[in-house]
Student: 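Structure provided below as structure tokens; questions to follow.
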2 protein chains.
Amino acid sequence: MNPTIKDVAKAAGVSITTVSRVLNQYSDVNPKTRAKVLKVVEQLGYKPNSVARSLVMNRTNTVGLVVSDLSRSRNGHHFMFEVLCGINDRVQELGYDLVLFSTSTTAQKKTPYMDFVRQRRVDGVLMMGIRLDDPYTHEVVAASVPSVLIDVPLTSQTCSYVSTDNIAGARMAIEHLLELGHSRIGFVNGHAQAAVSQERLQGYRMALEAGGIAYDPQLVYYGNFEQEDGAIGTAELRSRFDDLTAVFFASDLMALGALKYVQNLGLRVPENLSIVGFDDIELAALMQPMITTVRQKRYEMGRSAAESLIRILEQQEQGRGIILPPELVVRETTAPHS
Amino acid sequence: MNPTIKDVAKAAGVSITTVSRVLNQYSDVNPKTRAKVLKVVEQLGYKPNSVARSLVMNRTNTVGLVVSDLSRSRNGHHFMFEVLCGINDRVQELGYDLVLFSTSTTAQKKTPYMDFVRQRRVDGVLMMGIRLDDPYTHEVVAASVPSVLIDVPLTSQTCSYVSTDNIAGARMAIEHLLELGHSRIGFVNGHAQAAVSQERLQGYRMALEAGGIAYDPQLVYYGNFEQEDGAIGTAELRSRFDDLTAVFFASDLMALGALKYVQNLGLRVPENLSIVGFDDIELAALMQPMITTVRQKRYEMGRSAAESLIRILEQQEQGRGIILPPELVVRETTAPHS
DNA sequence: CTGTTAGCGCCTTCAA
DNA sequence: TTGAAGGCGCTAACAG
């Protein structure tokens, strides 16, 4: 059995309180006593039981990460993983532990996240991959537990969100295509229940109109961020417009699917079709041709989210929106309209 | 403030003990009392405080996942993430929570994992990405906390490990190349402090010798599983042997690096050089040409690891080795020796 | 500077 | 079938 504070106290010939004091860096402890206690702590290999401490402090030093469909979506493998790394790193740097809690939209796992929060007594929650129509999100936002949402623009006193400036990102992509002389530009978006989809659509539209081109909803296809959606969306848009010369995709995975698809059709990219993706996942630069895309700082998103969460729960700030700038990465799938 | 068991007891007009009984499915409680308590629980939205429960039960219902360099290694992004998903899913299915604990080999983060285990009072630990020469691994293996290692073949009463049959995997790869008529076959291995590297080397050697070809250490290069190592290793081996016609890589990422490298050199794959990777990461099938590789069931590894861990800690089994079969996936980077 | 006392929220004998 | 009492390991007033 692990030694407890009581064992230490006994071995050091002091009271439990005194041990607790030296352990918690109290100043009012006789240096000699402190040394003695520390020595015993060392000898016994005593480690404070954080469960007991959590109970009395009413604080677990733990934050939860609620992820929707971590395993299911392949897009997640690219987007979420890096965010997760950022979260994990920052959380640990700040002295907290991270507990994972993933939910399946498909399964009947209708677990209100708040139950998880309250049972496990996490000090705060991060959420990602959550859809706008998710019924339980608002519970969390409204609750008094600090929370941070990734890519869901909601805030409250104790809730921040972190997102990329998707409007700007989409604008960059479209402006780039416009500058290359394209005018019939399709958009294969993500599903409508993602805030990022709505924002990217807005950016797409704004850039087009700023370029003097009327917005045509027929040029927009809604996919689900996955590879096959890129192919299907492209096929659909091409069937609607035979003068389509460029397509913007809401994810690199979809751009990749489209790339493979049109290459199979015998078309050349970018000569016959220009393609711009979104995310800048590792794959983008490995494709042949390398995919032009809009980079999101995923790792940074994770770090910022963790940081904000912990600042909120340490009462150093209030919920706020944190928007990271995207970056256009011009590679090989875009060329002037011939 | 969240209601406690005391609030429930008071509201239901019974004792705390009784509430505890109905919550823990005890049979000896009057149906009427039970109904009443349950109703109050419902009304108050009472959720048992798992911290308090953990303290008294001396059991947290939580398992820890110790990962080395989660964020750093790009190979991790491909291998570890899927294992993580498998672990996460299975752990959750079995009613446990997962807490992440990542260590940096680089940083001075010389945290003995056992400290984490003992402080957080996790019921068991999973470890992956750990090197053979890691000083703290043995502490965990020898400890009484249940543990499961990924890709480190050590067992004890309370420690299992999960791995792919790397010897068989390497053999498959080499036998495939042998059958295609190759005889000068290089091997770009991972670093020597990974058990998988040693096993794959063994498989490489066995297959070669079974094919009547003497093992030549000069044909083996040790990299670090990353993309650039594939290029460097290939360059090195080609400089040593001008009749090199095939190379086997201990990771797809290295195979990919090599592929890019030799393509840049103006060589054709597989015509001028046959390449076989390991892992079957998503990228492998997206490359041009698609990479022939040895598939590891990463998600399954995660699931098995979680499963074994929990069986050990629920005293349903003892530590054991779990070896999953690999699978050769022949694609486009291998061709007959001309 | 140090010890005593009283819980944190829950489970678990032991009686009734 | 139920309740009272004790304790899990620790922190936090409050005395001394």
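Everything numeric here is computed off the predicted structure, so don't read it as measured data. All chains are named by letter (A, B, ...) in the order of the sequence lines, taking the proteins before the strands, and each is independently numbered beginning at 1.
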Student: Report yes or no: do B:Y46 and B:N2 form a side-chain donor-acceptor pair below 3.5 Å?
Tutor: no

Student: In whole angstrom, give the distance that lies between atom CG of B:L55 and atom P of D:dG6.
Tutor: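 Checked: the CG to P distance equals 18 Å.
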
Student: Side chains of A:T60 and A:S54 only: does a donor on one sit below 3.5 Å from an acceptor on the other?
Tutor: no

Student: Calculate the interatomic distance between B:K47 atom NZ and C:dC10 atom P; express it in whole Å.
Tutor: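 Going from B:K47 (NZ) to C:dC10 (P), I get 13 Å.
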
Student: So which nucleotide from C:dC11, D:dC10, C:dG3 ends up closest to the side chain of A:A52?
Tutor: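 Out of C:dC11, D:dC10, C:dG3, the nucleotide with an atom closest to A:A52's side chain is D:dC10.
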
Student: Nearest to the B:T17 side chain among C:dT12, D:dC10, C:dC10, which nucleotide is it?
Tutor: C:dT12

Student: Nearest heavy atom decides the nucleotide; on that basis, is A:V56 or B:T33 closer to the 5' end of DNA chain D?
Tutor: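 Upstream on the strand: B:T33.
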
Student: What nucleic acid atoms does A:N58 come within less than 4.0 Å of, heavy atoms only: base, sugar-phosphate, or nothing?
Tutor: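 Touches nothing.
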
Student: Tell me the interatomic distance from A:I5, atom CD1, to C:dT4, atom C1', rounded to whole angstroms.
Tutor: 15 Å

Student: For B:L23, report the nucleic acid contact type (base, sugar-phosphate, nothing); a contact means any heavy atom under 4.0 Å.
Tutor: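 Result for B:L23 = nothing.
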
Student: Mind checking B:V51 for me? I need base, sugar-phosphate or nothing, with any heavy atom below 4.0 Å counting as a touch.
Tutor: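 Counting heavy atoms under 4.0 Å across all strands, no contact is made by B:V51.
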
Student: Report which part of the nucleic acid B:S54 touches: base, sugar-phosphate, or nothing (heavy-atom distance under 4.0 Å, all strands).
Tutor: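 Result for B:S54 = nothing.
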
Student: Classify the angle between the aromatic ring planes of A:F101 and A:F116 as parallel (below 30°), tilted (30 to 60°) or perpendicular (above 60°).
Tutor: parallel

Student: Quick check for you: among D:dA12, D:dG9, C:dC11, whose closest atom lies nearest to any side-chain atom of A:Y26?
Tutor: D:dA12

Student: Rounded to whole Å, please give me the gap between CZ in B:R34 and P in D:dT2.
Tutor: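 Atom-to-atom, B:R34 to D:dT2, this comes out as 10 Å.
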
Student: Round to the nearest Å and state the distance from A:N49 atom CG to D:dG9 atom C1'.
Tutor: 6 Å

Student: In whole angstrom, give the distance that lies between atom NZ of A:K10 and atom P of D:dC10.
Tutor: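 After rounding, the reported distance stands at 13 Å.
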
Student: Taking the basic N atoms (NZ, or NE/NH1/NH2) and the acidic carboxylate oxygens, is any pair closer than 4.0 Å for A:R303 and A:E93?
Tutor: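 Yes, this pair counts.
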
Student: When you measure from the side-chain N and O atoms of A:S20 to the phosphate of D:dC10, is any distance below 4.0 Å, counting only OP1 and OP2?
Tutor: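 No, because none of the side-chain N or O atoms of A:S20 sits under 4.0 Å from OP1 or OP2 of D:dC10.
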
Student: Would you indicate what B:V29 reaches in the nucleic acid, counting non-hydrogen atoms under 4.0 angstrom: base, sugar-phosphate, or nothing?
Tutor: sugar-phosphate

Student: Let me know the distance between OH of A:Y46 and C1' of D:dG9, rounded to the nearest Å.
Tutor: 7 Å

Student: Is the backbone of B:Y136 close enough, under 3.5 Å, to the side chain of B:D134 for a donor and an acceptor to pair up by distance?
Tutor: yes

Student: Step through the shown structure and confirm whether more than 12 heavy atoms of other residues, nucleotides or ligands are within 6.0 Å of CD on A:Q316.
Tutor: yes

Student: Considering only side-chain heavy atoms of A:M57, which listed nucleotide, D:dT11, D:dG9, C:dC8, is closest?
Tutor: D:dT11

Student: Rounded to the Å, how far apart are A:N2 CG and D:dC10 P?
Tutor: 10 Å

Student: Taking the minimum atom-to-atom distance to the side chain of A:R21, which one of C:dG9, C:dG3, D:dC8 wins?
Tutor: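 Minimum distance to the A:R21 side chain belongs to C:dG3.
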
Student: Determine the contact category for A:T4: base if any of its heavy atoms lies under 4.0 Å from a base atom, sugar-phosphate if only primed atoms, P, OP1 or OP2 are that close, otherwise nothing.
Tutor: sugar-phosphate

Student: Which part of the nucleic acid does A:T18 contact within heavy-atom distance under 4.0 Å: base, sugar-phosphate only, or nothing?
Tutor: sugar-phosphate

